[in-house]
There are 2 protein chains.
Amino acid sequence: MVNEEELNVEQRIIEAAADVFEEKGFAGARMQQIADHAGINKSLLHYYFRSKELLFEKIFMIVAKRAFGKSVLTLEKEGTVFEKIEKFFEIHQDLLWKNRNFPIFFINEVNQNPELIRKLLEKIEPSEQLKNFIVQFEEEKKAGLVRKDVDPVHLLINMISLSIFPYLGKPILKEVMVTVDVNYEEFLVKHRASIAQFVINSIKN
Amino acid sequence: MVNEEELNVEQRIIEAAADVFEEKGFAGARMQQIADHAGINKSLLHYYFRSKELLFEKIFMIVAKRAFGKSVLTLEKEGTVFEKIEKFFEIHQDLLWKNRNFPIFFINEVNQNPELIRKLLEKIEPSEQLKNFIVQFEEEKKAGLVRKDVDPVHLLINMISLSIFPYLGKPILKEVMVTVDVNYEEFLVKHRASIAQFVINSIKN
DNA sequence: TGTATCTTTGACCAATTGGTTAAACTAATT
DNA sequence: AATTAGTTTAACCAATTGGTCAAAGATACA
């Protein structure tokens, strides 16, 4: 049960629903389970949120905003491209660490219902920061700091790939790693410490 | 409906179930929908496969074997590390192209039920190829061909990340890309052509 | 042709699921 | 204390879902 006395009922429902939806997904989640988890009667869910669909949409947006932080693509305003890359991984990895279960949930639900991400993008607008980064990258390319053959859009997506996949693939990596005596948690820590350098090595002139 | 006359009933069920399960996941899939898709009576599903759980397990294994090809980590026996990296991406990207819907399905189902991957790993044993690659990598490191600070396990997982994420993130990338006028399909083609170089740049001395 | 076996179907079932409702409870206002 | 509005509950409901079963159709074999 979720913080029985501390939060008001609506908040308790939100926390419980977030837990259950993140764990089971929309199709696998049960209203009764959410009610039990929140320590309330199932009717209260409908009293506060009308239907499973509406409750889910609300929770999806709340959880997504938490997990994305201030922006989909937190890129600092100051510094060189290399510094921004390092800072990006720091922030991104922190958010992932705090929202381990979110990536799989998010990708799966958006896959089932692409409308969700359209609604989300209205609230979190990434294109501004994105465009700024691209402009700056092209400038530093001209200045000879980064390789000429690197496309900033591909670079950004490679960075996201490297950052997120260890969390997306957790259930698989965990199992495969035991067969070769590698510890998943230790891997995560070392991965976090090495990806920025991996990317910078690849693009610097 | 799946190849109404060409295949026998069992095969038709398998193809239909694969389609529906891959699209909706275990929890979201409906036996009736699978039956309709296969053009048969729902009872036949139980006649051939007893229960939804058993049908799913069968389909999961079939689909996984198809998608993984000969091995989880197809790494060539001959050639330098750089050649193996290039070859890996070729094979891996081909498999992904042919099984676009598989990655999200796979990650989600394994997340819901980790037992699945344990059963799968009994059939597809990746650790042999993996160990060979690691040994060779350390040799080429000593020979000065690759950077001293690169860990082969992390390298392999980075390679898988870069290869798979554009497919895992398809629903998200697609929507985000339209907001900055990038075409997802074109992105995929260019990505495929550039990742091997991205990785090699990062590790070569 | 008869019969035994395998396949296929429609009708049906019990359990689960999201959702409703009316009544009971609570707390503030007068 | 009485009234009112908001909150919570238990009982209930209709639809859906996975699954069963007996009978009807095929198919092969004697």
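All chains are named by letter (A, B, ...) in the order of the sequence lines, taking the proteins before the strands, and each is independently numbered beginning at 1.
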Participant: Would A:Phe68 and A:Phe106 count as a close aromatic pair, with their ring centres under 6.0 Å?
Facilitator: yes
Participant: For A:Met159, is there any backbone N or O sitting under 3.5 Å from a side-chain donor or acceptor partner on A:Ser163?
Facilitator: no
Participant: Distances for protein N/O vs nucleotides 4-7 of chain C N/O pairs under 3.5 angstrom?
Facilitator:
from: C:dT7; atom 1: OP2; to: B:Tyr47; atom 2: OH; distance (Å): 2.7

Participant: Figure out the CD/P separation between A:Gln33 and C:dG18, and round it to whole Å.
Facilitator: 10 Å
Participant: Pairs in or reaching into residues 175-188 of chain B: which pass side-chain hydrogen bond (donor to acceptor under 3.5 Å, both in side chains), with residues at least two apart or in two chains?
Facilitator: A:Arg118-B:Glu175
Participant: Looking only at heavy atoms, which two atoms of A:His191 and A:Leu162 are closest? And how far apart?
Facilitator: NE2-O, 2.8 Å
Participant: Do B:Phe198 and A:His154 have ring centres separated by under 6.0 Å?
Facilitator: no
Participant: Is it the case that the side chains of B:Gln136 and B:Lys84 hold a donor-acceptor pair, with the cut-off being a distance below 3.5 Å and no angle test?
Facilitator: yes
Participant: Determine whether A:Ile157 and B:Met177 make a side-chain contact, defined as any pair of heavy atoms from C-beta on separated by less than 4.5 Å.
Facilitator: yes
Participant: Starting from P on C:dA11, measure out to NE2 on B:His46 and report it in whole angstrom.
Facilitator: 18 Å
Participant: Students should find this one: the first and last nucleotides of DNA chain D, 5' to 3', lying under 4.0 Å from a heavy atom of chain B. What are they?
Facilitator: D:dT17 to D:dC21
Participant: Quick one, B:Asp36 with B:Gln32, criterion side chain to side chain donor-acceptor pair (under 3.5 Å). Give me CA distance, side-chain angles, the key distance, then yes/no.
Facilitator: CA-CA 6 Å; B:Asp36 293 347; B:Gln32 187 61 59; 3.0 Å; yes
Participant: Below 4.5 Å, heavy atoms only, C-beta onward: do B:Gln33 and B:Lys24 meet side chain to side chain?
Facilitator: yes
Participant: List the atom pairs, donor and acceptor, that lie under 3.5 Å between side-chain atoms in residues 55-67 of chain B and the rest of the protein, sequence neighbours left out.
Facilitator:
from: B:Glu57; atom 1: OE1; to: B:Lys119; atom 2: NZ; distance (Å): 3.3
from: B:Glu57; atom 1: OE2; to: B:Lys119; atom 2: NZ; distance (Å): 3.4
from: B:Arg66; atom 1: NH2; to: B:Glu15; atom 2: OE2; distance (Å): 2.8

Participant: Testing the basics here: between B:Ile13 and B:Leu44, what is the closest heavy-atom pair and its distance to 0.1 Å?
Facilitator: CD1-O, 4.2 Å
Participant: Does any pair with a residue in residues 129-140 of chain A pass salt bridge (Lys or Arg N to Asp or Glu O under 4.0 Å), and if so which ones, sequence neighbours excluded?
Facilitator: A:Glu138-A:Lys141
Participant: Could you go through the side-chain contact (heavy atoms from CB on, under 4.5 Å) check for B:Phe88 and B:Gln93 one step at a time?
Facilitator: CA-CA 8 Å; B:Phe88 165 82; B:Gln93 288 287 306; over 6 Å; no
Participant: Could you list by number each residue of residues 23-32 of chain B showing a heavy-atom separation from DNA chain D of less than 4.0 Å, or answer none if no residue does?
Facilitator: B:Ala29, B:Arg30, B:Met31
Participant: Would you list the atom pairs, donor with acceptor, under 3.5 Å between side chains in residues 94-104 of chain A and any protein atom, with sequence neighbours excluded?
Facilitator:
from: A:Asp94; atom 1: OD1; to: A:Arg192; atom 2: NH1; distance (Å): 3.2
from: A:Asp94; atom 1: OD1; to: A:Arg192; atom 2: NH2; distance (Å): 2.7
from: A:Asn99; atom 1: ND2; to: A:Leu95; atom 2: O; distance (Å): 2.8
from: A:Arg100; atom 1: NE; to: A:Trp97; atom 2: O; distance (Å): 3.3

Participant: What are the two closest non-hydrogen atoms of A:Ser202 and B:Asn201, and how far apart are they?
Facilitator: O-CB, 3.4 Å
Participant: Which residues within residues 50-59 of chain A lie with some heavy atom under 4.0 Å of an atom in DNA chain D?
Facilitator: none
Participant: I'd like a table of atom pairs between the protein and nucleotides 25-29 of chain C - only N or O on both sides, under 3.5 Å - with the distance next to each one.
Facilitator:
none

Participant: Would you work out how much the helix from C:dT1-D:dA30 to C:dT30-D:dA1 bends between its ends, with each end axis defined by five base pairs, to 10 degrees?
Facilitator: 10°
Participant: Got a sec, which residues hit ring pair (Phe, Tyr, Trp, His ring centres under 6.0 Å) with A:His46, two or more places apart in sequence or on another chain?
Facilitator: none
Participant: Apply salt bridge (charged side-chain N to carboxylate O under 4.0 Å, His left out) to A:Glu90 and list each qualifying residue two or more places apart in sequence or on a separate chain.
Facilitator: A:Lys87
